[in-house]
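Take a look at the structure set out below.
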Amino acid sequence: MTNNGATVTSATAMRDLSDEEFLSLYHSDRFTASVLRSRLNYIVEHMSSAFMREAFSPIIRDWYDFACTISGPPEQDYPMAVVSNSLTVFLGTMADAVRNAVVEHGPENLSPGDVLICNDPYRGGRHVNDVLFIRPVFVEGKIAAFVNLCAHQLDMGGLVPGGFSGTKRNVYEEGLVIPPMLMWSKDQPVRSTFNLFFDNTRFGELLLPDFNSIYQQLKLGERLLIGNVDRYGLDALLGTIRYSVDTSAEQMRRGIEKIPDGDYRGTALVDADGVDDTLEYRVHVLVRKRGGALEVDLSGTSAQARTCINSSVLDSKNAVGVALTMLLDPHAPFTSGTWRHIDLIAPPGTLVSSLPPDGGDQMYWEGSGALIAAIFEALNPVLGDQSVAGDYGSTGNHNAHGVRDDGTPWSSVVQAGGEHGPWGATRDGDGDSYTVLYNLNNLDPAVETMEHDSPMVLLRKEHAIDRGGPGRHRGGAAHLKDTLWLTHAQHWLSPFRTKEATGVAANGGKPGPVGAMWFFPPTDGRAPTELLPFPEADYSGTDAVAGVLNETTKGLDPVAGSYTHFASRPVWQMPANTVLRVLTNGGGGWGDPLDRDTEKVLRDVRDEYISIAGAARDYGVVILGDPATDPEGLRVDEAATASLRERRRS
Amino acid sequence: MSRYETAPPISVERTPVEGTCPGCGAAALAAYPVHSEGGWFDVVKCLECLHSVSRERGPLLGPIQLLSDLI
């Protein structure tokens with residue numbers, strides 16, 4: 001039985017069920033259930049690709065900041081059976097968000113052709129920009145399922161255009177909160193709901209066509225779903241929904257059983273909130289495992305922050321699901337069944353279980369991302385080669401706004417900060433060096449689009465040398481991004497995790513290094529005539545934004561430096577021809593770096609992932625030659641390497 | 001010594017429950033809220049072996065009560 005008793009399952013492993021038992025549980029044969037589940041997956045992918053093609057908003061078009069799911073009917077307790085291949089922070093919250101919205105509205109108050117919406121983070125997770133659209137699918141006069149699309153809206157009102165900022169102090173400053181309400185009723189738009197959006201948000205001309213597209217994708221999903229009912233029957237559909245979530249639950253249970261019984265603790269630090277730098281916030285997690293049961297207890301976590309860097313309990317639930325899926329069985333489908341054998345214990349009012357009105361959560365993925373790192377820290381030591389190293393920890397979001405010389409306003413949202421960065425390494429290989437956080441899953445905006453839409457020039461967008469956590473499998477390299485801003489601009493920056501390594505080490509590897517951010521003001525009003533150097537650079541004349549920095553040189557100094565607070569200026573007013581430099585944290589390493597294949601170290605030196613000095617320091621490998629002038633002439637000094645590695649090991 | 005303070009910790013309250021665990025026999029039962037598949041549940045569990053003695057559906061939004069519920 002499931003926790004809530006809503007789904008009937010067998011104590012027998014699914015693969016050991018007889019054909020008759022399978023038919024009894026899922027109302028179709030195995031083959032049909034598998035085919036039908038694939039067809040449900042096709043529906044959410046078709047909805048997604050259609051929306052992607054039509055979207056006007058850059059955060060949809062360029063970032064893929066949306067997700068689609070299908071949930072079962074009230075009688076099944078709204079199980080989320082399939083999810084699109086997109087944002088995990090959406091997918092992991094949408095099961096509960098759909099249930100909470102429909103229950104509050106009342107399923108009996110829904111009609112064919114309705115679209116129910118909700119964006120309240122405390123009812124459904126995420127932040128107010130992420131609006132959930134729910135369409136009930138009726139078969140023979142009764143709700144058979146829900147097709148759902150959650151999409152980030154470019155603006156939801158509030159203090160900061162675009163929303164991304166860690167400085168807002170409560171839900172009132174964050175923007176418009178929408179409880180469950182109809183946006184379409186019996187396929188007719190509800191004008192008052194549209195007006196609620198347009199009277200309280202910016203960029204309405206971008207939101208309206210996207211709303212219309214979302215409505216069409218929901219109708220597409222409904223049409224395809226009913227087509228499957230016509231072909232396979234309603235019982236087969238409902239059985240397949242159960243089959244899908246039971247599959248996740250069974251795979252996760254098998255993964256949980258691999259963990260030795262015991263209690264495991266981990267922590268992760270968030271530097272500060274948007275008020276000042278006097279308070280740090282620490283996430284504590286206690287993972288308790290007995291047999292096939294697992295508890296994740298967040299007791300001891302810091303009280304919710306004074307500004308909107310918190311996350312809701314549903315975001316933490318998502319983080320738990322992401323972390324445990326990555327650690328225990330990355331192939332387990334991500335459905336509501338993922339959490340069947342996991343109990344999350346979340347004391348109300350912490351950084352990762354915040355409460356309204358003061359526990360704002362605009363930047364919710366940062367706290368919940370820290371929870372993922374804490375779970376890795378807790379379980380990596382007992383998982384051995386199954387452990388996974390940590391990622392770059394913070395998207396360090398950047399927003400900028402200004403006016404061109406001809407008076408045209410411009411806006412750049414989540415393009416020029418540390419939005420993308422590295423993953424940690426695993427037993428399967430090195431960490432990827434340019435992706436997004438574990439609890440996200442987005443695209444990377446094209447440089448041409450960024451430079452077209454805003455008066456900026458991307459000077460550097462590259463892997464930073466010697467900034468991946470050393471290991472037998474190397475952590476992904478930190479990302480280095482330099483952008484030149486051609487007009488005066490207001491900048492908001494949100495790097496929250498620069499004090500401690502976020503790239504948690506795995507299986508004897510080393511953690512990834514921490515990063516920082518700086519503004520290089522123009523000299524005599526002019527932009528630099530050459531690329532700013534890296535890694536050696538003169539930061540003394542910069543306006544440092546974030547990082548643990550040397551008080552004199554303003555360069556990185558994680559051992560003896562001082563923390564620089566990202567909101568020491570809530571809004572960074574910078575003149576034209578300023579360069580923003582962002583250096584993300586590095587991904588963690590997996591395995592002893594002294595065991596790394598010397599040929600891989602040689603290749604890393606050739607490709608400038610690591611320097612010759614770094615090869616000797618971090619890997620005990622002596623490389624001869626010059627990667628700048630003769631990259632193919634580099635070679636390993638085998639004797640010197642053997643000697644150096646032996647000394648290191650002794 | 002760091003000049004930074006850590007925001008105060010908050011912990012869940014577990015209420016001791018009379019009796020022994022039918023799974024392992026330990027006198028370690030406690031009641032507390034959890035979030036799992038299906039949302040919030042008020043559970044009585046064994047703190048030793050994590051066996052669930054009872055699981056009742058909890059409030060829809062856990063600790064958050066809507067003022068509109070009082071209409």
Side-chain angles (χ1 to χ4, degrees), chain A residues 2-6 77-79 95-96 99-100 103-104 122-123 179 245 249 269 272-273 277-282 284 288-291 293-295 297-305 313-314 316-317 336-351 353 355-356 499 563, chain B residues 1-17 19-71:
Chain A
T2 65
N3 284 330
N4 54 39
D77 198 30
Y78 310 89
D96 293 292
R99 176 194 304 104
N100 291 350
V103 168
E104 183 177 342
Y122 305 98
R123 288 173 166 101
V245 295
L269 186 71
D273 61 26
D277 66 355
T278 58
L279 280 179
E280 297 175 334
Y281 296 88
R282 188 166 286 282
H284 284 267
R288 304 187 71 222
K289 187 269 179 181
R290 305 287 189 275
L294 194 83
E295 276 192 351
D297 188 349
L298 305 181
S299 291
T301 295
S302 295
Q304 65 191 28
V313 68
L314 293 183
S316 291
K317 182 180 179 182
S336 50
T338 296
W339 291 270
R340 183 169 302 169
H341 304 292
I342 303 166
D343 278 344
L344 173 64
I345 301 167
T350 75
L351 179 78
S353 56
L355 299 173
K499 289 184 177 178
Y563 172 65
Chain B
M1 183 175 172
S2 171
R3 68 187 177 92
Y4 307 108
E5 292 183 21
T6 304
I10 296 180
S11 296
V12 74
E13 292 182 15
R14 290 180 169 87
T15 305
V17 172
T20 57
C21 173
C24 70
L29 302 181
Y32 48 101
V34 303
H35 207 291
S36 186
E37 180 190 22
W40 285 100
F41 294 87
D42 292 323
V43 302
V44 174
K45 290 177 71 171
C46 173
L47 299 181
E48 291 294 330
C49 72
L50 304 184
H51 175 76
S52 289
V53 176
S54 70
R55 300 180 73 89
E56 301 294 330
R57 188 176 284 283
L60 187 66
L61 302 180
I64 297 174
Q65 184 178 6
L66 301 175
L67 195 57
S68 55
D69 286 342
L70 304 180
I71 296 172

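Just so it is clear, the structure is predicted and the values come from calculations on it, not from any experiment. Letters A, B, ... mirror the listed sequences (proteins, then strands); counts begin at 1.
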Less than 4.5 Å apart, side chain to side chain, heavy atoms only: is that true for T278(A) and E5(B)? no
Y281(A) and D273(A), any side-chain heavy atoms less than 4.5 Å apart: yes
With a 4.5 angstrom heavy-atom cut-off, which part of L60(B) approaches chain A: side chain, backbone, both or neither?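 For L60(B), the contact with chain A is made by backbone and side chain together.
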Contacting moiety of E48(B), where chain A heavy atoms sit under 4.5 Å: backbone
For chain B, find which of [options] contributes the most heavy-atom pairs closer than 4.5 angstrom.
options: V313(A), D96(A), D277(A); answer: D277(A)
options: L269(A), T338(A), L279(A); answer: L279(A)
options: N100(A), L314(A), V103(A); answer: N100(A)

Option that, when pairs with chain A are counted at under 4.5 Å, heavy atom only, ranks first among [options]:
options: I10(B), V34(B), T6(B); result: I10(B)
options: P8(B), P33(B), P63(B); result: P8(B)
options: P9(B), C49(B), A7(B); result: A7(B)

Output the distance between atom [atom1] ([X]) and atom [atom2] ([Y]), rounded to the nearest 0.5 Å.
X: E104(A); Y: S68(B); atom1: CD; atom2: OG; answer: 5.5 Å
X: L29(B); Y: L47(B); atom1: CG; atom2: CG; answer: 7.5 Å
X: H35(B); Y: L298(A); atom1: NE2; atom2: CG; answer: 12.0 Å

So does L355(A) get a backbone contact from the side chain of Q304(A), meaning a donor-acceptor N/O pair under 3.5 Å?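 Judged by distance alone, yes, a pair lies under 3.5 Å.
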Give the minimum heavy-atom separation between A346(A) and S353(A), together with the two atoms involved.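 Closest pair (atom of A346(A), atom of S353(A), distance): CB-CB, 4.1 Å.
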Let me know if Y78(A) has heavy atoms under 4.5 Å from chain B in its side chain, its backbone, both or neither.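 Contact with chain B: none, neither part.
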